Number of protein chains: 2
Amino acid sequence: MDTRERLIESTRELLWERGYVGTSPKAIQERSGAGQGSMYHHFHGKPDLALAAIARSAEETRGRAEAELGGPGSPAGRIAAYLRREREALRGCPVGRLSQDPDVMADPRLRAPVEEYFTWLTGRLAGLLDEGRASGELDPGLDPAATAAALVAVVQGGYVLARAAGSAEAYARAVDGALALLMAHARPSARPAHPPVRTAHPSARPAGPSARPAGPSARPLRKEGR
Amino acid sequence: MDTRERLIESTRELLWERGYVGTSPKAIQERSGAGQGSMYHHFHGKPDLALAAIARSAEETRGRAEAELGGPGSPAGRIAAYLRREREALRGCPVGRLSQDPDVMADPRLRAPVEEYFTWLTGRLAGLLDEGRASGELDPGLDPAATAAALVAVVQGGYVLARAAGSAEAYARAVDGALALLMAHARPSARPAHPPVRTAHPSARPAGPSARPAGPSARPLRKEGR
DNA sequence: GTCTATAAACGGATAGAC
DNA sequence: GTCTATCCGTTTATAGAC
């Protein structure tokens, strides 16, 4: 890996860990092993280097999301796989983190990759939800755009909860809760097989929207008991 | 308001806007109108002043939440009121923001109020959900702890989406999506009479590729038969 | 209680030698 | 391309006068 590359990668790490304000050129140089001169030879300054790092992080994060969202399985299954994917919850989201940084959001060039990432991700999930609706896997009453926004928010908020609690479990709990809510809108046949899924679905019920069978075992989709 | 008080309030604002790393004693002094000497007379240094500010922000934020959560109405109704409460979505959460700050989370004293706030809030919501289950308002199949975590995450993630999009509407959309999922687990009689969850903001959200079918907007969130 | 003076380290960068 | 030297402002205080 050449110097330029090491500078970008080190900046990506530092932006992830400490944000833009918390990341100094000196720290970047130390982590990358590059000198003052090298850094300013390859980049015009901190914002320029940060732009390269942010753009790459956004692209990589998008690629990792697409690996799950574009993978095999039904739309709802792929969404669940994405949400549950192994994440370093305590480290937070390398892209979402930047949204909290006023200096990043104040600079249109630095901000663009962040905005685009979330626009893409929300749209991608909305498309999958719509696909699931069309195929009959999901309740046609679902609003794809709003549901997608809620799911993306759960992921981002899950990171907040995990960091606040000092435990990655808080992330898993939030995602589990959201998936349980979502999967209640899926056809029983489309739900994952492993958990003891016997929840009565509206379509499985004879009639009457209020007929909530009070079965205590009717818990949708849980990863671990609690 | 005396000098000590102005120092705390100015620090609260700055922590909210710029985070801990982004907040310098100098900026605090300028905003509060206090001099160097005053600040170090009333507080031992930046961490000490930050602690006072963080503790107060956590307490105040909790109080504002309790105002909705402990208000009138059914459990689900109070939760909906809390989630939809007018928020300055673009400013983010004064408490949640701190969870992204490594220097805050690294200091147990600064971190404690943040952790406690989220523990309390999640527990409070879980209690309400449980109450709703017991009263028959909510589906007994709901997992209160996981659902509560998901809802808190939606709020926190909603702030991220709003900031990323540069629009408070993104927050509203995420909350709407989450409430729609939740309310599908409520007895119809317990659901809001007026149309689903849609905030009355001046600018209507752009109808995505997946605008809802032209059915009556007042129809139940969850389809009854299929 | 509040003010000014002083200071060592850091932040963010430029200039020029090699 | 990389290194060292230099620069000016900021950060985060401490000391002591008023």
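Lettering of chains follows the sequences in order, A, B, ..., and the numbering in each one begins at 1. Not measured: the values here are computed from a predicted model.
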Between B/Glu115 and A/Arg163, is the closest basic N to carboxylate O distance under 4.0 Å? no
Value in whole Å for how far the C1' atom of C/dG11 lies from CG of A/Asp103: 13 Å
What is the separation between atom CD on A/Gln29 and atom C1' on D/dG1, rounded to the nearest whole Å? 14 Å
For A/Pro144, does its backbone N or O pair with a side-chain atom of A/Asp130 as donor and acceptor, under 3.5 Å? no
Rounded to whole Å, CG of B/Leu49 lies from C1' of D/dT11 at a distance of 15 Å
Once you round it to whole Å, what is the distance between C1' of D/dT12 and OH of B/Tyr20? 10 Å
Between C1' on C/dC10 and NZ on A/Lys46, what's the gap in Å once rounded to a whole number? 12 Å
Would you tell me if any nitrogen or oxygen in the side chain of A/Lys26 comes within less than 4.0 Å of OP1 or OP2 on C/dC10? yes
Identify whether NZ of Lys or CZ of Arg in A/Arg97 sits under 6.0 Å from the centre of the six-membered ring of A/Trp16 and within 45° of that ring's axis. no
Minimum-distance nucleotide (side-chain atoms of A/Gln36 versus C/dT14, C/dT4, C/dC10): C/dT14
Hey, is the side chain of B/His41 poking within less than 4.0 Å of OP1 or OP2 on C/dC3, counting only N and O atoms? no
Should A/Thr3 be listed as having a side-chain N or O under 4.0 Å from OP1 or OP2 of D/dG1? no
Between CE of A/Met39 and C1' of C/dT14 the distance, given in whole Å, is 12 Å
Lys/Arg cation over aromatic B/Tyr82: B/Arg87, 6.0 Å, 45° cone: yes
Side chains of A/Gln156 and B/Gln156 only: does a donor on one sit below 3.5 Å from an acceptor on the other? no
Phosphate-side-chain proximity, B/His42 and C/dT2, N/O vs OP1/OP2 below 4.0 Å: yes
Rounded off to whole Å, could you give me the OH-to-P distance for the A/Tyr40 and C/dG16 pair? 17 Å
For B/Gly37, answer base if it contacts any base atom (sugar-phosphate contacts may also be present), sugar-phosphate if it contacts only those atoms, and nothing otherwise; contact means non-hydrogen atoms under 4.0 Å. base
Provide, to the nearest angstrom, the distance between the CG atom belonging to A/Leu14 and the C1' atom belonging to C/dG11. 14 Å
Please tell me which of the listed nucleotides, D/dC3, C/dA13, D/dA13, lies nearest to the side chain of A/Pro47? C/dA13
Short side-chain N/O contact to D/dT11 OP1/OP2 from B/Ser24, under 4.0 Å: yes
